[in-house]
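To start, the structure under review is shown below, and the notes come after it.
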Amino acid sequence: MTIDRAKVRRGRIGTIGRRAGPEVRTSDVVLAVVGVALLAGLCLLGLASMVGDAQGLAGGSLPASVQTL
């Protein structure tokens, strides 16, 4: 008598109760939204820093606080 291993495997998986698709939890969604918001804020800070540096270099003059040193 031969045993079909695939049928045995499917039977075991069925008894364990695995679901076909994972359910989306509210905490996962909140974590994703917070992560995207933090990443966007970091990118905006970097962009503002680069723009500020570019304007300082293009102006050619030093701020008053640096000139007094």
Side-chain angles (χ1 to χ4, degrees):
M1 181 172 132
T2 57
I3 298 173
D4 188 9
R5 301 251 184 236
K7 286 183 182 179
V8 173
R9 190 176 304 118
R10 281 192 296 262
R12 286 183 182 163
I13 290 173
T15 58
I16 292 172
R18 290 186 184 172
R19 288 176 231 124
E23 295 179 6
V24 177
R25 296 180 300 191
T26 304
S27 61
D28 292 339
V29 174
V30 169
L31 187 61
V33 169
V34 169
V36 169
L38 288 173
L39 184 61
L42 183 64
C43 290
L44 286 174
L45 283 174
L47 181 65
S49 176
M50 287 190 301
V51 167
D53 289 344
Q55 286 179 348
L57 293 175
S61 62
L62 296 174
S65 61
V66 176
Q67 289 178 357
T68 57
L69 295 175

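Keep in mind it's a predicted model, so treat the numbers as computed, not measured.
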For residues 38-47, which residue pairs qualify under salt bridge (Lys or Arg N to Asp or Glu O under 4.0 Å), counting only residues two or more places apart or in two chains? none

Who pairs with Val36 by side chain to side chain contact (heavy atoms under 4.5 Å, CB included), at least two apart in sequence or on another chain? none

Among the clusters formed by ILVMFWY side chains lying less than 4.5 Å apart, do Leu38 and Val30 turn up in the same one? yes

So, taking the atom named CG in Leu44 and the one named CG in Leu39, what distance separates them when rounded to the nearest 0.5 Å? 10.0 Å

Quick one: list whatever passes side chain to side chain contact (heavy atoms under 4.5 Å, CB included) with Val24, sequence neighbours left out. Val29

